[in-house]
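Numbered from 1 within each chain, the chains take letters A, B, ... in sequence-line order. Computed from a prediction, not measured in an experiment: that's the story for all the values here. Side chains included, hydrogens not; waters and symmetry mates left out as well; all remaining heavy atoms used.
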There are 2 protein chains.
Amino acid sequence: MVTEHITADADIAPVAALIADPARAAMLTALLDGRALAAGELARVAGVSPPTASAHLARLLDGGMVAVVAQGRHRYYRLAGPEVAEVLEVLARVGPRPRVRSLRQSRQARLLGEARTCYDHLAGRAGVELLGALLAAGYLVGQEAFEVTERGERGLAGLGVDVGAVRDTRRGFAPGCLDWTERRFHLGGALGAAVTCALMDRGWYRRGVARRVVEVTEKGRKGIAAIYACKELTSHALVTEMR
Amino acid sequence: MVTEHITADADIAPVAALIADPARAAMLTALLDGRALAAGELARVAGVSPPTASAHLARLLDGGMVAVVAQGRHRYYRLAGPEVAEVLEVLARVGPRPRVRSLRQSRQARLLGEARTCYDHLAGRAGVELLGALLAAGYLVGQEAFEVTERGERGLAGLGVDVGAVRDTRRGFAPGCLDWTERRFHLGGALGAAVTCALMDRGWYRRGVARRVVEVTEKGRKGIAAIYACKELTSHALVTEMR
DNA sequence: CGGACGCTTCGATACAGGACGAAAGGTGTC
DNA sequence: GACACCTTTCGTCCTGTATCGAAGCGTCCG
């Protein structure tokens with residue numbers, strides 16, 4: 001008798017197969033910082049010819065792992081969503097023991113722990129701290145998923161984040177995203193991406209030399225401290241102070 | 001100029017390749033409830049011949065995805081660790097939209113949300129609640145990883161858990177394990193497995209008909225309530241009450 | 001001790017899919 | 001409008017590997 005298992009599990013093999021190829025894996029990890037890269041660039045990072053890369057990207061697209069936007073004669077590919085990034089992160093933790101070899105790599109690892117992008121939002125120690133500041137200031141409320149207070153809406157507007165526009169996207173608004181170095185939540189979702197983007201524009205954070213590494217600038221440190229400290233300040237006062 | 005990227009990321013492609021084969025994926029998901037299955041059983045659930053299954057299992061073993069223990073003429077395979085289970089869980093969430101079709105599947109999904117095993121420890125609403133009870137009773141302390149108090153050591157002993165023996169294992173002692181239905185922590189690691197095992201033996205929980213589904217018995221409900229309520233009771237009193 | 005059973009190794013086969021060169025389809029630039 | 005550029009499609013080769021039958025090596029049982 002053949003036992004037909006009743007299982008709600010999705011077919012994971014096809015998804016894994018998409019990541020199983022070295023070239024595709026290289027492309028996906030290259031996209032892990034959330035930016036969109038052109039097909040040619042992806043061919044280069046994967047170490048394959050343009051035709052080969054095109055075939056791979058077609059499969060990734062068909063499998064729902066990446067999305068594409070055509071712009072002139074370029075076609076920019078990006079990860080399809082946060083779940084995809086999460087899979088890549090988790091996969092990196094299993095398998096080969098992450099023994100650090102060179103001093104240089106060790107430094108890289110430390111920097112990644114300090115601050116990095118997780119798909120498209122800030123993660124690492126800096127990400128956890130940013131969330132802590134926004135909570136302390138009363139901009140956000142919640143435990144594992146967050147909501148913006150009225151005060152937070154004004155405050156974030158002062159930082160260049162249009163909360164109303166963010167709310168319109170279909171993506172999860174402001175879920176907590178568990179940090180694998182800090183073991184604590186940082187701000188993810190549409191709001192996390194928007195805040196990260198705005199603060200990058202403001203020069204609080206700066207992309208580092210290596211992929212996904214982010215530096216906290218002096219301005220950023222002061223900004224975070226200000227949010228933390230001035231819990232009772234009006235958001236207007238905070239903004240003017242930060243000029 | 002060829003740019004050599006400095007990347008601390010592990011090679012995810014080989015790991016993904018192990019999961020990419022349908023037969024291997026079937027075996028791994030069959031092991032997801034934490035039990036160890038014999039090679040023959042795994043061959044059956046994967047729908048392949050014993051030789052083929054043996055080859056697959058050898059590759060999984062070499063790749064560090066499963067562990068094996070020989071017992072008589074059987075060889076029992078189990079997942080190598082919680083990280084492996086986590087990868088499978090996350091992979092199942094990406095890709096095909098988990099649209100529930102039949103009423104039956106919907107019921108399954110609901111049951112899985114109620115209580116299930118996550119690799120080898122209790123998860124779902126029941127898992128979160130169990131951890132809450134242990135924390136409320138002062139048996140455990142901690143935020144994302146937990147330590148057993150002196151009082152907890154006595155209390156857990158009364159429930160059939162030998163904390164000293166658990167501590168000797170090389171596995172992480174009592175890390176929090178993030179629940180993907182509840183978005184909150186439940187108790188994982190060696191202690192999580194030991195507690196789950198002990199409470200199953202005591203009849204607080206019972207494995208359901210479908211894989212990974214767990215039922216909370218009446219006895220279990222009362223037990224949890226007792227732990228919650230009797231914060232100031234001595235563990236001895238708790239144990240006698242629970243007889 | 002012989003036989004049944006469980007699992008693995010070996011050898012052979014067949015198929016999927018990853019690689020590239022050549023050429024075609026669009027899009028910007030001079 | 002001719003050309004350069006990015007990207008894709010097509011055709012073809014070739015490696016990697018999933019598959020099974022037969023045989024070999026243990027273990028349990030009568």
Side-chain angles (χ1 to χ4, degrees), chain A residues 1-3 11-31 35-78 95, chain B residues 1-3 11-31 35-80 95:
Chain A
M1 179 184 117
V2 178
T3 312
D11 245 0
I12 61 175
V15 185
L18 289 175
I19 316 176
D21 183 83
R24 284 196 294 265
M27 292 175 176
L28 290 172
T29 51
L31 294 173
R35 286 182 301 184
L37 272 68
E41 299 180 79
L42 288 170
R44 214 157 26 76
V45 303
V48 294
S49 69
T52 304
S54 182
H56 284 308
L57 288 169
R59 289 196 58 180
L60 289 175
L61 193 61
D62 184 61
M65 303 282 289
V66 302
V68 66
V69 47
Q71 208 168 86
R73 49 185 171 183
H74 297 270
R75 297 192 64 181
Y76 290 97
Y77 288 88
R78 59 174 176 79
Chain B
M1 179 183 115
V2 178
T3 311
D11 247 0
I12 61 174
V15 185
L18 289 175
I19 315 176
D21 183 82
R24 285 195 295 265
M27 293 177 176
L28 290 172
T29 50
L31 293 172
R35 285 182 302 182
L37 272 68
E41 300 181 81
L42 289 170
R44 216 157 26 77
V45 303
V48 294
S49 71
T52 303
S54 184
H56 284 308
L57 289 169
R59 289 195 58 181
L60 289 174
L61 193 62
D62 184 64
M65 302 282 288
V66 300
V68 67
V69 48
Q71 208 168 88
R73 51 185 169 183
H74 297 271
R75 297 193 63 179
Y76 291 98
Y77 289 88
R78 59 174 177 80
L79 293 190

Nearest heavy atoms of Val45(B) and Leu42(B), plus distance in Å = CG2-O, 3.2 Å

Can you tell me the distance, in whole Å, between the CG atom of Asp62(B) and the P atom of dT9(C)?
-> 12 Å

Nearest-Å distance for atom pair CG/P, residues Leu61(B) and dC7(C) | 15 Å

What string of B, S and - do you get for nucleotides 18-27 of chain D, 5' to 3', if B is base contact, S is sugar-phosphate-only contact and - is no contact with any protein heavy atom under 4.0 Å?
-> SSBBB----B

Between Tyr76(B) and dG6(C), is there a side-chain N or O to OP1/OP2 distance below 4.0 Å?
-> no

Which is true for Ala58(B) with a 4.0 Å heavy-atom rule: it touches a base, it touches only sugar-phosphate, or it touches nothing?
-> nothing

Review item, side-chain donor-acceptor pairs of residues 51-75 of chain B, under 3.5 Å, at least two apart:
residue, atom, partner, partner atom, Å
Thr52(B), OG1, Ser49(B), OG, 3.0
His56(B), ND1, Arg24(B), NH1, 3.1

Inter-residue atom distance Leu31(B).CG - Leu79(B).CG, 0.5 Å rounding = 5.0 Å

Scan nucleotides 11-16 of chain C nucleotide by nucleotide, 5' to 3', and note B when protein non-hydrogen atoms come under 4.0 Å of the base, S if they reach only the sugar-phosphate, - if neither.
-> ------

Any Ile19(A) side-chain heavy atom under 4.5 Å of Ile19(B) side chain | no

Please give, in whole Å, the distance from dC29(D) C1' to His74(B) NE2?
-> 13 Å

For residues Tyr77(B) and Ala39(B), report the shortest heavy-atom separation together with the two atoms involved.
-> CE1-CB, 4.0 Å

Between Arg75(B) and dG6(C), is there a side-chain N or O to OP1/OP2 distance below 4.0 Å?
-> no

Please name the pair of heavy atoms, one in Ala26(A) and one in Thr29(A), separated by the smallest distance, quoted to 0.1 Å.
-> O-OG1, 3.0 Å

Nucleotide dG17(C), atom P - distance to CG of Leu57(A) in whole Å = 17 Å

Could you walk me through whether Leu28(A) and Leu18(A) pass the side-chain contact (heavy atoms from CB on, under 4.5 Å) test, one step at a time?
-> CA-CA 10 Å; Leu28(A) 290 172; Leu18(A) 289 175; 5.9 Å; no

Heavy-atom closest pair (Ala25(A) atom, Ala13(B) atom, distance to 0.1 Å) is CB-CB, 3.8 Å

